[in-house]
Amino acid sequence: MRLTLPNLTWAESLRSLTRGELPVVQWQALARAILLPLIGLAAFLFVWAQTAPLINTSLGQFPGPAQVYAQAGNLWAEHRAEQARAAEFYERVEQMNAQRLAQDPNYVPRERRFSGRTTFIDQVKTSLQTVLAGFIVASVIAIPLGIVIGLSNSLYAAANPVIQLLKPISPLAWLPLVTLVVSALYVTDNPAFSRSFLVSVFTVTLCSLWPTLINTAVGVANTSRDLLNVSRVLRLSWWTHVRRIVLPGAVPMIFTGLRLSLGIAWMVLIAAEMLSQNPGLGKFVWDEFQNGSSASLSRIMVAVIVIGMIGFLLDRSMLLLQRLVSWDKAAVLR
Amino acid sequence: MTHLHLDHVSIEFPTPKGPFKALHEVSLKIDKGEFVSLIGHSGCGKSTVLNIVAGLHQATAGGVLLDGREVNAPGPDRGVVFQNHSLAPWLSVYQNVELAVRQVFKGKKTRAEMREWIQHNLELVHMGHAMNRRPDEISGGMKQRVGIARALAMEPKVLLMDEPFGALDALTRAHLQDSLMEIHADLNNTVIMITHDVDEAVLLSDRIVMMTNGPAATVGEILEVDLERPRRRVELGGDPRYVQHRQEVLRFLYEKHAKIEEFPRRQAADRQRKAPPQARKTG
Ligand SMILES: Nc1ncnc2c1ncn2[C@@H]1O[C@H](COP(=O)(O)OP(=O)(O)OP(=O)(O)O)[C@@H](O)[C@H]1O
Ligand SMILES: [Mg+2]
């Protein structure tokens, strides 16, 4: 019998539901884990549906859940149609190449790329790739730097003012600088990444670096004195000291930082895409806003909801990763 | 040549109110295989003495010689058993000991030999059955055993123990004292142990070093415990020599160097009672 009801997740309840063994207590737990969130969601949708028609904008009525759902379907259909066109195009190219090759055996087929419209789904993919790239670059910088800073009191004191100064800078302030610097430094004839991608990535990196850096440094600096003494008595090498004594203890703090960073990265990216017209969800929203058709509001709402869901899923994935990495399996993570 | 020689060790800690002299010319000579207890009132500087021998603190004057060589940094030739076990919670019992063994016997023992050595030391403290458990899955007494196993596994010249059984209940404490006596009889380590417990000091030690109260604490008296080993706690209880030793230590602690406590907690409580309750500031 389970008595820790509040900790029961909906996944667990579902599992016991499928097992078909549900005493009264379990039903209560199930209600708490599934029913209450559903009620909350329903209430939200209800309030939305009731208030939306009351708001009149220059583009018509504010869309309710039904219109938004319909537009989501449209966006998906558009994407499928575009995919079909692409497939058709490539088939035609292949046929043409085969014909030319039959006439002239020395013919070397040129590579042709389909240049259709970027759909909503494409923009989502771009944004996801960009945010992950920016976040990974930020983490690769922030975690080692945080460890080094956290290990030394003097370094910590020296670095702290710089960090505190750079931390609150808005992505909108970084963007022009990053754009100019990338344009100046990234000059190749054969670019592996597009310039706009790099601008978005580095803007995200610059803004999302700080929580991980600070939390890692604090986590490392808070290593227990006793364990530090153990390490000194054993004369552990720097590397062993970091790996066996310092890092495991700092893991919870590092992950707190990473989750904050990922959240910031996602928010910053959307803003940066909007401002700089770099491909991604932000650009989609901006384009729809400029477009100003009757469906635009609904399409923007779809984007807004997708942005929220992706943000939520990113956070959950970090939590899963933390569960995987954490040595303390009993710790309650939320 | 003396095995371990504390030669006029003094230490001053820098504090915001100026230097604080914790120890003044502590001198002590310890032979190989000797079991020495340090006893004294709380805050007199026992841990500081131990930390200086361990190399975790630097004496401001005087020094410590181990086999004729000056000690001024921590090292595995002086195994430390810390007051609160100090096991890494993310490593299993085995891995905690392994961390020390790998470090000390790198290149001297093969992997298989290390494995055997770790198991041997854990069995020595009767922890062979719980090697794969994590520190948070074992009791306080068991953690302390692992801490001792870790220190022993380093084959230190000197074993330094800071109130190793201080946080344990009386029964567990008695068990561990017996284990420690067995181990000492087997391996004949040189041991310095800090304790608050007079019975423990008399039962385990060859000599009891009684420290005066701080600041500027120093060695007050040294008591030779001439009770033959092996010692059994039940039989010793009625032994007149045991009773006399006990009395001597008690007399030192509570008559000659009685500590006039200021009871800071009582004072704080009094003050609170007199002052009207205030809203606590946050942030
Ligand atoms: N790093 C330090 N800086 C300043 N003062 C210190 C420091 N370490 C210890 N002291 C002071 O030195 C004195 C001796 O401390 P120590 O910890 O050695 O006492 P102790 O005898 O081990 O006490 P206990 O029995 O309570 O463990 C105390 O007054 C303490 O405040
Ligand atoms: Mg102490």
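In what follows, every chain begins at residue 1, and chains take the letters A, B, ... in the order their sequences are listed. Quick caveat, the model's predicted, so the values are computed rather than measured.
- Side-chain contact between B:P74 and A:R235: absent, with no pair of heavy atoms (C-beta onward) separated by less than 4.5 Å.
- Taking CG of B:L56 as the reference point, atom CZ of A:R232 lies at 5.0 Å (rounded to 0.5 Å).
- Sparse packing is recorded around CZ of A:F44, with 12 or fewer heavy atoms of other residues, nucleotides or ligands lying under 6.0 Å away.
- In the displayed structure, B:E113 atom CD is contacted under 6.0 Å by more than 12 heavy atoms of other residues, nucleotides or ligands.
- To the nearest 0.5 Å, atoms CG (A:D226) and CG (B:N84) are separated by 4.0 Å.
- For B:L91, the part lying under 4.5 angstrom from a heavy atom of chain A is the side chain only.
- Only the side chain of A:T240 comes within less than 4.5 Å of a heavy atom in chain B; its backbone stays farther off.
- Interface check for chain B: of the options A:S224, A:G249, A:S237, the most heavy-atom pairs under 4.5 Å are formed by A:G249.
- Remark: A:N153 CG is loosely packed, at most 12 non-hydrogen atoms of other residues, nucleotides or ligands lying under 6.0 Å away.
- Residue B:P156: no heavy atom, backbone or side chain, is found under 4.5 Å from chain A.
- Remark: B:Q103 CD to A:S231 OG distance equals 8.5 Å, nearest 0.5 Å.
- Summarising the geometry, atom CG belonging to A:L227 is positioned 5.5 Å from atom CH2 belonging to B:W90; distances are rounded to the nearest 0.5 Å.
- For B:H175, the NE2 atom is loosely surrounded, since the number of other residues' heavy atoms within 6.0 Å does not exceed 12.
- Rounding to the nearest 0.5 Å places CZ of B:R102 at 13.0 Å from CG of A:L234.
- Interface remark: B:A100 contributes backbone and side-chain atoms alike to the contact with chain A (heavy atom separation under 4.5 Å).
- Here A:H241 contributes atom NE2 and B:L99 contributes atom CG; the two are 11.0 Å apart, rounded to the nearest 0.5 Å.
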